[in-house]
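In what follows, a single structure is set out as structure tokens and then discussed.
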Amino acid sequence: MSAQLINLMASLMLLIAFAMLAQRRIRSLIYLFAWQGAVLAVNSVIVAWYTGHGELYLSAFFTVLLKVIALPLVLHYLIRKLDIQWDVETLINIPTTMLAGIVLVVFAFNLALPISQLAGTITRGTLGIAIAVVLLAFLMMITRRKAVPQVIGFLAMENGLFFAATSATYGMPMVVELGILLDVMVGILILGIFFFQVREAFDSLDLKHMEKLKESGE
Amino acid sequence: MYLFDAAITPPLDLILGVVLFWLLIGMAGVARSRSLRFVSRVLFPMGAAGSLVLAAAALYAIGAPTAVRVLPLGLPDLPFHLRLDALSAFFIVLVGVVSLGVSLFSAGYFRRGEGATPGLLCLQYHVFLSSMVMVMLADDAYLFMVAWETMALSSYFLVTTSHRIAEIRRAGFLYLLIAHIGAIALLLCFGVMHGAGGDYSFDALRASELPVFWASTAFLLALFGFGAKAGLLPLHAWLPEAHPAAPSPVSALMSGVMLKTAVYGFLRVTFDLLPTQIWWWGVATLIMGLLTALFGVMFAAVQSDMKRLLAYSSIENIGVIFAGAGLAIIFHAYNNPHLAALALVATLYHCLNHAFFKSLLFLGTGSVLHATHERSLGKLGGLIRNMPWVAGLSLVGALAIAGLPPLNGFVSEWLLLQAFLFSPGLPNPYLNMLVPLGSAALVLAAALSGYVMVKFYGVIFLGQYREEKMRTARDAGAWERVALAWFAAGCIGLGLFPMAIILLLDHVTLPLVNFTLSAAISGNHWLLFAPVAAERASYGPLLFLLGITGTLLVTFLTVRAFYHGRIKRGAVWDCGFPEQTSRMQDTAEGFGQPITQIFEPFFKVRRRMPDPFSSHPVYEKSNEDKLWFWLYLPIARANERISSWIGILQHGRIHLYLLYSFVTLLALLLFVH
């Protein structure tokens with residue numbers, strides 16, 4: 001029963017990851033990110049209930065607090081302030097990205113196969129999905145032209161890592177987890193300031209303007 | 001806790017005290033950075049007093065038992081190990097005696113408005129001195145490298161004192177670059193010797209059992225690394241650039257002492273740290289040394305900048321020193337301790353001699369430079385009239401460097417030749433053929449260095465003034481005279497009393513090659529000195545001096561008795577040239593011309609002939625170093641090309657950078673999989 005629930009959550013994670021890859025609007029992207037956080041929290045609760053690891057409840061609580069409520073609020077505030085609720089521009093068109101994503105998922109499952117066989121946890125089947133979520137988020141970072149979706153990709157990647165940790169070893173030690181959460185918060189803070197500065201300097205958040213920052217050697 | 005578990009010995013304490021004292025002097029200089037009077041009249045003489053204490057303590061330590069000490073400095077688990085044995089004590093004596101003179105000279109030398117402020121110079125100078133002493137004292141690879149790099153950096157800042165001049169910045173960069181390449185080789189060398197086990201203290205390195213291949217690798221790395229600092233052949237390029245750029249006391253210190261730290265390191269690694277010596281190591285060192293000596297002296301002969309000339313002459317002397325070290329390795333490997341000790345004594349003796357006469361000459365050029373503001377030999381001349389002190393004392397140095405008896409240069413070169421000439425009897429026939437060839441090369445280098453010194457001295461001090469402003473040149477001040485006199489006295493003293501020096505050097509060679517020359521020379525008559533056997537070759541410097549002075553005296557008296565009062569003064573026959581100007585005398589370029597002709601294949605000579613119809617004909621000629629074009633420039637170009645290839649990676653597009661990470665991640669995952 002629990003194993004099936006966990007598998008359900010894992011497939012939801014993967015689905016949301018693909019949805020994020022296909023999503024063109026920043027506002028929807030933030031909603032999807034919040035949903036992913038929620039699924040992650042539910043998954044943590046299920047695992048905690050099944051295995052009796054009390055720490056995972058705490059981790060689920062923090063996930064809800066930070067990734068479902070706080071960060072999406074901050075991001076919404078940011079895009080309102082910066083007035084960038086327009087369409088996401090991608091470097092590669094969406095269908096191609098999706099195809100690349102499928103290849104990545106196959107690769108991730110292939111990669112996770114031997115590890116899952118070794119692991120004795122109830123969640124072992126979901127390791128492949130966790131790796132796939134990380135890789136898909138990375139792919140999103142690469143294929144987006146604007147800065148905000150890249151940040152969301154970065155956060156989604158962190159979700160994937162979290163998920164991988166839960167599925168492989170029932171979560172990281174609490175200290176590490178808290179440390180990562182703190183890092184993410186500080187990172188968002190810095191990036192928020194950074195966005196304003198970038199727009200100030202270039203009148204746009206398009207990253208191609210930053211290409212001229214490199215050493216001129218041509 | 002570390003302070004008290006080692007035997008406490010006074011010389012080591014005194015030496016450490018002097019190092020601390022020097023650092024304090026440097027700090028005091030920074031505190032009153034702009035006051036030239038305070039820095040030069042108070043701090044530099046105090047530094048010289050420190051040098052005197054240092055030299056005396058180290059001199060005492062040569063004969064004393066080895067002292068070790070662990071300083072509670074450094075990284076948490078890596079304290080600094082110190083060790084004062086005969087070899088390090090000898091080289092610390094060298095630091096002491098040279099810095100004594102150079103500090104005294106500096107007290108009168110530095111002027112206002114020459115680049116860095118006096119206080120900063122004072123700090124760099126004393127840090128430089130301290131780091132050289134620490135190099136000698138280091139008993140672990142960690143402290144050795146720290147001191148070594150401190151030495152390189154502080155001397156870099158001293159070289160670039162006049163950093164507003166682009167040429168000087170360029171020279172400093174070249175020096176720093178080669179110093180770092182050498183330091184990398186040394187790091188690798190220590191790493192190889194370290195093998196796998198133990199720590200980096202020299203005791204652990206001594207104890208490690210190295211296979212022959214790795215021992216040879218370590219040796220070659222040491223030859224390369226120390227060769228870069230000393231100026232051995234392919235890595236000599238920084239010397240002729242850095243020496244003219246540096247202020248003269250700094251050149252004197254770099255040439256007189258810093259090059260010797262490389263010799264010290266080389267001897268330390270080869271004879272002390274590495275377990276065995278293999279004969280071909282000696283051959284490699286010998287050949288490199290001889291090539292360097294010949295190369296240096298040839299280029300010295302064609303220079304027309306007096307400090308470049310001296311820099312090339314330093315290259316020559318370093319070549320001679322390394323040739324001696326190579327010979328000592330060969331003899332030691334073939335288990336001939338007597339000749340190994342002889343070659344090693346000659347090597348160390350030459351280090352000491354070179355420190356004295358090269359410092360003397362560099363300081364002399366400093367005085368000339370300040371008096372005339374001219375470095376080019378083509379514009380000097382006739383200075384013996386205005387600067388009798390500098391001219392007279394430099395003459396001693398020039399004669400010593402030319403290897404004339406009874407001065408010190410002769411003794412060490414003679415000893416080295418003895419070692420060469422007694423070598424037949426090595427169990428390797430090829431070596432028996434090679435070594436006489438080497439002695440011929442050595443003699444050629446010695447002879448050419450005489451030629452170089454005639455040129456150096458003659459063009460600067462003798463003849464007519466080549467420029468009008470030479471007439472107003474003034475002799476050096478009292479501080480500078482004292483310093484020059486100290487070095488000149490050293491040249492004479494080291495030449496006249498070789499036995500005493502050799503008895504001292506025995507303490508150094510005994511632990512390295514297990515033989516003392518004192519046994520061989522104890523039967524000698526006190527006036528005659530025969531390092532191998534009295535019936536083969538012997539030398540009596542005092543007798544020689546007596547002979548020279550006697551002959552001179554007799555000649556003088558005879559001439560005086562016959563001709564005094566009978567001289568008639570009249571116009572000289574002008575050979576059909578009624579007008580004689582200073583432009584007609586031999587120039588530096590003219591004097592070097594035969595060498596250029598004979599050894600033309602070794603130079604890259606560029607001549608620009610004047611146009612026959614030109615009203616202002618100009619003749620230009622330059623001798624450049626072929627190695628610069630064959631070795632340095634290709635490497636620099638290749639480096640630039642590779643860098644620009646790698647630069648392609650740098651697009652400035654964040655997506656591409658992310659893609660790099662992504663691909664790397666996938667590749668690594670695949671690899672682990």
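In what follows, every chain begins at residue 1, and chains take the letters A, B, ... in the order their sequences are listed.
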- Query: With a 4.5 Å heavy-atom cut-off, do B/Leu121 and B/Phe157 have their side chains touching?
  - Reply: no
- Message: Which atoms of B/Ser661 are under 4.5 Å from chain A, going by heavy atoms: the side chain, the backbone, both sets, or neither?
- Response: both
- Note on the structure: Closest heavy-atom pair, B/Trp238 versus B/Lys229, reported as atoms and distance to 0.1 Å, is CZ2-O, 3.0 Å
- Message: For A/Leu135, which atoms come within 4.5 Å of any heavy atom of chain B: side chain, backbone, both, or neither?
- Response: both
- Are the side chain of B/Gln303 and the backbone N or O of B/Phe299 linked by a donor-acceptor pair below 3.5 Å? yes
- chain A contact via B/Leu666 - side chain, backbone, both or neither, heavy atoms under 4.5 Å: both
- Would you say the side-chain atoms of B/Tyr660 pair up with the backbone N or O of B/Leu649, donor to acceptor, closer than 3.5 Å? yes
